[in-house]
Amino acid sequence: KLIGTNVGANTLHLRPWAIDFPAKQLNTFYKIMSNSGICNVIPTFSLQRFYNDMIRDDVTKPYSDGSSPLAEAFMRFEAVIQPRDSAGINMVAWTADMSLDLHELL
């Protein structure tokens, strides 16, 4: 309730967005958001793992055809951000996180 009630915000930017979040728990999360005055969400798709793999494999672009891990992860992300029982929560945008995990790379 701190964000919705005390701060007066109605949008939550979530980074990263869990692409394997169980639907029942996601719906519960939406209801908690709605009860707290949050009616909009901006989920973020993380590209970190794919950039780390590119650096590790010394390639200049990710493998991205329809059956690649990147494409499969993005399809799961897209499916999850299409709320079915969203308790009035709107997906107003989505973002992509292109940061690197330097700890993992070093």
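Just so you know, these numbers come straight off a predicted model, no measurement behind them. Worth knowing before you read on, the calculation uses all heavy atoms, side chains too, and leaves out hydrogens, waters and symmetry mates.
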**Study point:** Least distance between heavy atoms, Phe50 atom then Pro69 atom
**Key:** CE2-C, 3.6 Å

Exercise for review: Name all pairs fulfilling the salt bridge (Lys or Arg N to Asp or Glu O under 4.0 Å) condition that reach into residues 60-73, sequence neighbours left out, sorted by first residue then second.
Suggested key: none

**Study point:** All side-chain contact (heavy atoms from CB on, under 4.5 Å) counterparts of Ala71, not counting sequence neighbours
**Key:** Ser68, Met75

Practice item. On the 0 to 90° scale, with breaks at 30° and 60°, tag the Phe45-Phe77 ring pair as parallel, tilted or perpendicular. Key: tilted

Exercise for review: Decide side chain to side chain contact (heavy atoms under 4.5 Å, CB included) for Ile81 and Val41; before the verdict, give the C-alpha distance in whole Å, the side-chain angles of both, and the deciding distance to 0.1 Å.
Suggested key: CA-CA 9 Å; Ile81 66 171; Val41 66; over 6 Å; no

**Study point:** With Asp20 via salt bridge (Lys or Arg N to Asp or Glu O under 4.0 Å) - residues at least two apart
**Key:** Arg76

Review point. Are the side chains of Thr60 and Met54 in touch, meaning some heavy atoms are under 4.5 Å apart?
Key: no

Check your understanding: Given side chains that start at C-beta, do those of Phe29 and Leu14 come closer than 4.5 Å, heavy atoms only?
Key -> yes

Point to revise | Pairwise distance CD1(Ile89) to CG(Leu26) - rounded to 0.5 angstrom | key: 10.0 Å

Review point. Can you check whether Ile32's main-chain N or O pairs, donor with acceptor, with Ser36's side chain at less than 3.5 Å?
Key: yes

Check your understanding: Checking Thr11 side chain against Asn40 main chain: does a donor-acceptor pair fall under 3.5 Å?
Key -> no

Exercise for review: Report yes if the side chains of Trp94 and Thr44 come closer than 4.5 Å at any heavy-atom pair, otherwise no.
Suggested key: no

Review point. Is Asn90 reaching over with its side chain to a backbone N or O of Val92, donor-acceptor style, under 3.5 angstrom?
Key: no

**Study point:** Test side chain to side chain contact (heavy atoms under 4.5 Å, CB included) applied to Asn52 and Gln48, Arg56, Arg49, the passing residue
**Key:** Gln48

Check your understanding: What distance do Thr95 atom OG1 and Ile42 atom CD1 have between them, rounded to the nearest 0.5 Å?
Key -> 7.5 Å

Review point. OG/Ser46 to OH/Tyr51 distance, rounded to the nearest 0.5 angstrom?
Key: 10.5 Å

Point to revise | Residue that, paired with Pro43, satisfies side chain to side chain contact (heavy atoms under 4.5 Å, CB included) out of Met91, Glu78, His13 | key: Met91

